[in-house]
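Working notes for the structure below.
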Amino acid sequence: MPSAVTQSNPTESPAQQMDIVSDADVVRVRQAVRTLALKAALSIVDQTKIVTAASELARNTLIHGGGGSAQLELVHERERAGVRATFIDSGPGIADIERAMAGGNSTAGGLGLGLSGSRRLVDSFDLKTAAGGTRVTVIKWKR
Amino acid sequence: MSDRVPIIKIGELLLVSIQVDLSDETTVALQEDLSNRIVDTGAHGVIIDISALEIVDSFVGRMLATIASMSRVLDAETVVVGMRPAVAITLAELGLTLGGVRTALNAEKAFDMLRQSARFTPSGDDDAAVAVTGGFDAVGRDAE
Ligand SMILES: Nc1ncnc2c1ncn2[C@@H]1O[C@H](COP(=O)(O)OP(=O)(O)O)[C@@H](O)[C@H]1O
Ligand SMILES: [Mg+2]
């Protein structure tokens with residue numbers, strides 16, 4: 001297997017863009033992430049982890065971010081494949097990041113496990129948030 | 001377009017087998033439907049089969065915990081069966097412990113568990129059981 005780039009391989013199908021504006025969209029994003037996880041040949045446990053993380057983050061985009069979108073793609077680095085999922089909204093942003101990431105803190109009557117929990121479930125977790133919106137990118141690599 | 005998860009009554013038991021990819025709306029509806037059915041049927045045991053669920057996230061996990069404690073208040077015991085190993089591992093890492101939720105490997109084992117609990121009469125002979133739970137009608141039999 002040749003090529004070793006961090007970005008998605010041009011021979012792969014392009015990043016998939018999906019709206020998250022309803023409950024049903026969260027389910028659809030979950031299913032699309034699962035399909036990619038299968039393509040990346042992740043183990044059953046790793047598939048379950050990335051799909052669960054995606055479910056949490058997609059729900060946050062919908063509930064806290066007031067809706068937005070997901071960008072899903074297969075990525076390659078050296079010999080390994082992975083799934084990258086980015087969740088984007090133009091909502092109010094996260095006021096207190098430390099508090100939100102600590103776990104158990106919800107501003108909306110939730111369990112407050114979405115952010116802290118999904119971070120534990122993935123290999124890479126990148127959060128950017130400001131008053132104009134939030135962007136969370138996660139990656140799960142094949143082991 | 002919200003799916004509804006069917007609730008099947010078998011003797012004094014309610015059996016819920018979740019076969020759809022749960023949206024939050026469907027999850028909330030199941031919670032409500034189940035509490036209504038417990039009250040309407042006077043069931044003393046609930047078995048929730050989640051073997052078809054590929055993931056349980058914090059929303060569904062909370063629903064399971066809520067159903068377990070809600071059913072207890074309504075004098076019914078809930079047992080969750082068939083959780084996939086990968087789901088159990090993921091739930092733990094997510095940070096959800098589901099401490100108050102009884103679990104069993106499969107529906108048969110759950111049935112045995114419930115049969116052993118004092119209030120459950122497998123014969124489906126309601127009278128004795130209803131006597132034990134006297135006063136619980138006060139919870140109110142909501143119309144619908
Ligand atoms: N996309 C987002 N936009 C704005 N705020 C967010 C976003 N995601 C998370 N948050 C904030 O971070 C908190 C913690 O999120 P999370 O861990 O998923 O818990 P929960 O969703 O149960 O509240 C939320 O209650 C919310 O205040
Ligand atoms: Mg959340």
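Throughout, a chain's letter reflects where its sequence line sits, starting with A, and its residues are numbered from 1. Just so it is clear, the model here is predicted, and its values are computed rather than measured.
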Out of A:S43, A:G110, A:G114, return the one with the most heavy atom pairs under 4.5 angstrom to chain B. A:G110
For chain B, the option from A:G112, A:A53, A:S55, A:S22 that forms the most heavy-atom pairs under 4.5 Å: A:S55
Hydrophobic clusters here meaning ILVMFWY residues chained together by side-chain heavy-atom distances under 4.5 Å, can you tell me if [X] and [Y] are in one?
X: B:I7; Y: B:L64; result: yes
X: A:L113; Y: B:F59; result: no
X: B:V16; Y: B:I50; result: yes
X: A:I94; Y: A:L62; result: yes
X: A:I50; Y: A:I88; result: no

Greatest number of non-hydrogen atom pairs under 4.5 angstrom with chain A, of B:V60, B:V87, B:D57, falls to B:D57
With sequence neighbours excluded, give me every salt bridge (charged side-chain N to carboxylate O under 4.0 Å, His left out) pair touching residues 83-105 of chain B. A:K49-B:E93, B:E77-B:R102
Could you look at [X] and say if it's the side chain, the backbone, both or neither that has a heavy atom under 4.5 Å from chain B?
X: A:S118; answer: backbone
X: A:R119; answer: neither
X: A:V26; answer: neither

Filter on side chain to side chain donor-acceptor pair (under 3.5 Å), then keep only pairs touching residues 46-56 of chain B, sequence neighbours left out; what's left? A:R34-B:E54, B:D49-B:S51
Taking the side chain as everything from C-beta on, heavy atoms only, tell me whether B:I89 gets closer than 4.5 Å to A:T48. no
Given a strict heavy-atom distance threshold of 4.5 Å, which part of B:L91 is in contact with chain A: side chain, backbone, both, or neither? neither
Kindly give the heavy-atom pair with the smallest separation between B:L22 and A:V27, and that separation in Å. O-CG2, 4.0 Å
